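Here's the structure we're looking at; comments come further down.
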Amino acid sequence: MDLVIRNATIAGVARLKDIGIESGSIVKISDRIEPRGHEEINAEGNLVAPGFIDVHMHLDKALTLDRYDWATREIMATPRLTSVNESNKVKRTFTVEDVCERATRIAEMCIVNGTTTLRSHVDIDPVVGLIGMRGVLAAKEACKDWIDIQISPYAISGFDDAPEDAEKLLRQALDMGADLMGGVPEADKDGNSHVDRVFAIAKEYNFDIDFHTDQAQFETPFALPYIAEKTIVEGWQGRVMASHCFGLAHHKPEIRQKAVDLCREADVSICCTPFTTVNERVIEPVEAGVNVSYMSDNIRDTWQPYGNADMLQLALFVARLGRWRSNEDLDHLLEMGSTGAAKAIGIKGGHGLVVGNNADLVVFEAKSGHEAIITQAQKLWVVKRGRVVAQQGELLV
Ligand SMILES: [Zn+2]
């Protein structure tokens, strides 16, 4: 075997196990694997878990804090249009090489923190054109041996201003090597028509869809129910993600319950940044049976000055803000960021500690998922497609 991980704690399994890996896949899980592997890891009873999947990032804009002064920004929760305009100032400085270099740095931060796959949205608009797309595509290629990157181009400024030009540019991006496509209903006056347009294009390309949904924190746009209804009408169940969903927090319990029920029925996944209204956007939908994950979103740019590309840190934010305190809830939280996220974005090859699945794994310096979250455990080893690619915070490849 290429790699054997010995003495592994696996969530839900009573005894320590050895995990055998060959040709990038898990081929055996048993009490004792006799033949030595070409490479060996002794987990010493620590938790071996499926790698994290960060389902929502913005690699094109990340790490641009040095080009932006947050002190001059009006208030933290600015209207969306202000954020777009502020972002546009910085996007004018982008070059393909620059985007690629920053995106690669984020990918490195991800993998050493145990994230083995990420999804990045990419702005497609008249300001940046296809520069972001080219840069992120180059980073995807540069990092392909140690992390998978899904690319989701979207018309961040919508279609209202110049419908034909905006769609033409977006289609160019899709043709360049997108894995799916995104949308943002509130970018246009009629959010439903934006959703309709995105569905029409996505179906033509046979692409999954990821919507930036109801992003305003103090207003009440609510595209989520329409997205879920449209998903059912178009037969796109299991292929749509609703990101952010702040709108859920602005509505009465019975209205948001209806929206959440629609998401479950439409198999629409939700992903959220764990800072405000986590209870309405994460905990309630999870308890109602919706597939929910958490995500980095913007990292150190004009939208958000924070971010370490560390899903374990984000899990702790969800736990604290959502008041999830039991061992069972915390263990489930860890799974939401890995196997749950894998379901949300349609990982091929299977994700999770099951024979036949991809060997995308992380060994935590902890004996359980809840201990890993509570102690913010060191990621001792990270394995991507059966290869050890990071060890204790250092990239090995
Ligand atoms: Zn976003």
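For clarity, every value in this text was computed on a predicted model and none was experimentally measured. This chain uses plain numbering: 1 for the first residue, then up along the sequence. As the structure lists them, so they are numbered: ligands from 1, and atoms in each ligand from 1.
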### Query
With a cut-off of 2.8 Å, does any N, O or S atom of His244 fall short of it relative to the Zn ion (ligand 1)?
no
### Query
Mind checking whether the Zn ion (ligand 1) has an N, O or S of His212 under 2.8 Å?
yes
### Query
Looking at Asp297, which of its N, O or S atoms is the nearest one to the Zn ion (ligand 1)?
OD1
#### Entry: Sidechain-backbone polar pair: Asp98 side chain, Gly135 backbone, donor-acceptor under 3.5 Å
no
#### Entry: Arg134 charged N/C atom sitting above Phe94 aromatic ring, 6.0 Å / 45°
no
#### Entry: Row check, Phe159 ring normal vs Arg197 NZ/CZ: under 6.0 Å, within 45°
yes
### Message
Is the ring pair His212/His244 parallel, tilted or perpendicular, if the boundaries are 30 and 60 degrees?
### Response
tilted
### Task
Taking the Zn ion (ligand 1) as the vertex, measure the angle between atom NE2 in His56 and atom NE2 in His58; round to 10°.
110°
